[in-house]
Each structure stands twice: as C-alpha cells, then as structure tokens.
Amino acid sequence: SWVIGHSMGVRTACGYAKLKPDAVSGLILVDLGFTGVAGGGVGEALGTFLRDLPHSFPSRSEARAFLAEKCPDPSIAQYLLAVSKIDLKSGTLSFPFDHAALLKTVEASRDTEAGPWMEEFARKTGRPVYVLRGATSRVYKTNEFENERAQYGSIPNVRFIEFPDAGHGLPFEKRPEFVAFIRKECGF
C-alpha cells in the first residue's frame with residue numbers, strides 16, 4: 001500500500017516504512033519535517049498551546065476565539081474545530097483526544113528523527129518517497145524544507161515538491177491538486 005502521512009502522521013508513515021518496508025509501495029509525506037519537536041516548525045509553540053488548551057469550551061464561538069488567539073497555525077485550529085464534539089444539551093465543545101497522550105507524543109518527537117527511517121526505506125527498497133510542502137506553511141518552514149531537500153534530495157527516488165498557495169492544510173486547501181498528484185504519481 002501507499003502510505004500517506006500528514007503533519008504528525010509523517011513520523012508514523014516513516015516509522016511504519018522502517019518496520020514493514022515490504023508492505024509499503026511508496027510514501028507521501030505531507031508538510032512536516034523529520035527532526036525536532038513535532039518535526040520542527042511550530043513544535044515548541046504547539047507543545048505550549050496543547051498544554052494551555054482547555055479540555056472543553058462552553059461554546060463553539062468561545063473555542064473559535066481561543067484558537068484564533070492562541071493556536072500557532074490556522075490549519076491546526078481549523079482541524080481542531082472540525083474534529084470537535086458538541087454536547088447537544090449543554091452546547092459544550094470538547095476535543096476527542098487525550099491531551100496528555102498527545103503532549104507525550106510531541107515531547108517524545110524531540111529526540112526522534114524520522115529522516116533516517118525515510119532514508120533507509122528509500123535506499124533499501126528503491127520505492128518512491130514524495131515530501132510535500134505547502135509553500136505558505138508555518139509548520140514546515142522554508143528553511144527546514146530546503147535543509148532536508150539538501151540532505152536527502154540526492155537520493156534518486158526521493159522528491160521534494162512545494163504546492164503554491166497552500167499552507168499546512170495542503171491536503172484540504174488544495175484537495176483537487178493533491179488528489180490529482182496522488183492519482184498521477186501512485187498510478188490510481
């Protein structure tokens with residue numbers, strides 16, 4: 001199967017490719033770097049934000065206001081609102097994830113680099129790896145993208161590609177272009 005990882009899913013995709021390379025036809029890694037807290041970018045700010053993020057809000061409008069002020073990237077705020085749950089009786093909004101577990105995952109990423117896993121998969125299997133970035137992303141910053149392109153871009157089957165006019169929410173912001181890319185490159 002092709003494995004697509006977006007945001008923190010990039011680490012999951014790389015880890016799976018390392019553990020089960022024979023099960024992976026190729027990787028599509030979307031808008032997250034390979035090193036640092038949560039892949040770099042907003043990692044430190046994301047950790048602070050998650051520590052300060054209330055487990056619930058009295059209303060959707062209060063959640064939206066908090067996210068607009070405190071969230072380090074608008075696409076993360078949009079995602080959080082999209083996955084939120086609203087109690088129909090009270091109107092209370094909550095998020096369907098374990099805050100402590102998510103913080104632990106973000107912190108654990110500090111000392112774990114996914115780049116060597118991706119490189120090992122690419123070199124051993126010769127299968128394609130696409131590293132995609134939304135050109136306006138505040139999560140996978142330009143300098144990180146360029147540094148990683150310099151580090152891994154000489155591997156023949158690893159391609160670094162930027163999508164113009166897209167941010168961290170690339171798969172949603174540019175859905176037709178993203179789907180067309182997958183269909184073309186993956187042969188669907």
Side-chain angles (χ1 to χ4, degrees), residues 1-43 46 72-84 95-97 101-102 105-106 108-109 112-142 144-149 151-153 155-188:
S1 297
W2 280 86
V3 178
I4 301 172
H6 173 242
S7 196
M8 284 294 284
V10 165
R11 288 178 175 274
T12 304
C14 290
Y16 183 71
K18 177 180 177 40
L19 295 173
K20 300 283 187 182
D22 293 338
V24 179
S25 299
L27 293 171
I28 298 176
L29 308 173
V30 185
D31 214 73
L32 191 75
F34 300 120
T35 60
V37 177
V42 299
L46 180 62
D73 186 85
S75 63
I76 295 170
Q78 181 182 11
Y79 167 76
L80 289 171
L81 284 172
V83 302
S84 65
F95 303 110
F97 55 82
L102 186 55
T105 300
V106 169
S109 70
T112 306
E113 293 190 14
W117 300 342
M118 178 278 297
E119 181 177 11
E120 179 181 327
F121 169 79
R123 290 190 188 281
K124 283 187 175 179
T125 68
R127 296 186 191 125
V129 175
Y130 297 99
V131 181
L132 309 181
R133 176 182 182 269
T136 62
S137 176
R138 295 190 320 202
V139 174
Y140 194 13
K141 296 185 176 169
T142 302
E144 294 164 343
F145 180 78
E146 292 303 331
N147 288 343
E148 290 177 350
R149 184 194 323 242
Q151 184 174 357
Y152 300 111
I155 303 168
N157 49 320
V158 177
R159 289 184 46 211
F160 284 75
I161 301 165
E162 279 190 303
F163 281 67
D165 302 318
H168 183 63
L170 165 63
F172 314 105
E173 296 169 17
K174 293 292 183 177
R175 182 173 296 284
E177 294 91 337
F178 183 69
V179 170
F181 173 85
I182 290 169
R183 286 187 174 146
K184 179 182 175 215
E185 298 302 329
C186 303
F188 297 129

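Source: prediction; values computed, not measured. Numbers for residues simply follow the sequence, beginning at 1.
Taking each heavy atom of F178 and L132 in turn, the nearest pair found is CE1-CD1, 3.8 Å. Nearest heavy atom pair, residue Y16 against residue A23, reads OH-CB, 3.5 Å. Looking at every heavy atom in both residues, P74 comes nearest to R138 through CD-NH2, 2.9 Å. Shortest non-hydrogen contact noted between V158 and V131 is CG1-CG2, 4.4 Å. In this structure, E162 and A135 approach most closely via the heavy-atom pair OE2-CA, 3.9 Å. Residues G126 and N157 come closest through the heavy atom pair C-ND2, 3.2 Å.
In this structure, CZ on R123 lies 4.0 Å from CD1 on I155, to the nearest 0.5 angstrom. Atom-to-atom distance recorded for E120:CD and M118:CE is 11.5 Å, nearest 0.5 angstrom. The line from OH of Y152 to CG of N147 is 11.0 Å long, rounded to the nearest 0.5 Å. Separating the CZ atom in R149 from the CD atom in E144 is a distance of 14.0 Å, to the nearest 0.5 Å.
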I'd like a table of donor-acceptor pairs (distance under 3.5 Å, sequence neighbours excluded) in which one partner is a side-chain atom from residues 164-176, with atom names and distances.
from, atom 1, to, atom 2, distance (Å)
H168, ND1, D31, O, 3.2
H168, ND1, D31, OD2, 2.7
H168, NE2, S7, OG, 2.9
E173, OE1, G167, N, 2.5
E173, OE2, G169, N, 3.2

For residues 179-188, run the donor-acceptor check on the side chains, cut-off 3.5 Å, and write out each pair with its distance to 0.1 Å, sequence neighbours left out.
from, atom 1, to, atom 2, distance (Å)
E185, OE1, Y130, OH, 2.7
E185, OE1, R159, NH1, 3.4

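In this structure, the side chains of F160 and R133 stay at 4.5 Å or more apart for every pair of heavy atoms. Here the side chains of F34 and L29 are in contact, with some heavy-atom distance below 4.5 Å.
Listed for the R127 side chain is a donor-acceptor partner under 3.5 Å among the backbone atoms of V24.
No more than 12 heavy atoms of other residues, nucleotides or ligands shown are found within 6.0 angstrom of OH on Y79.
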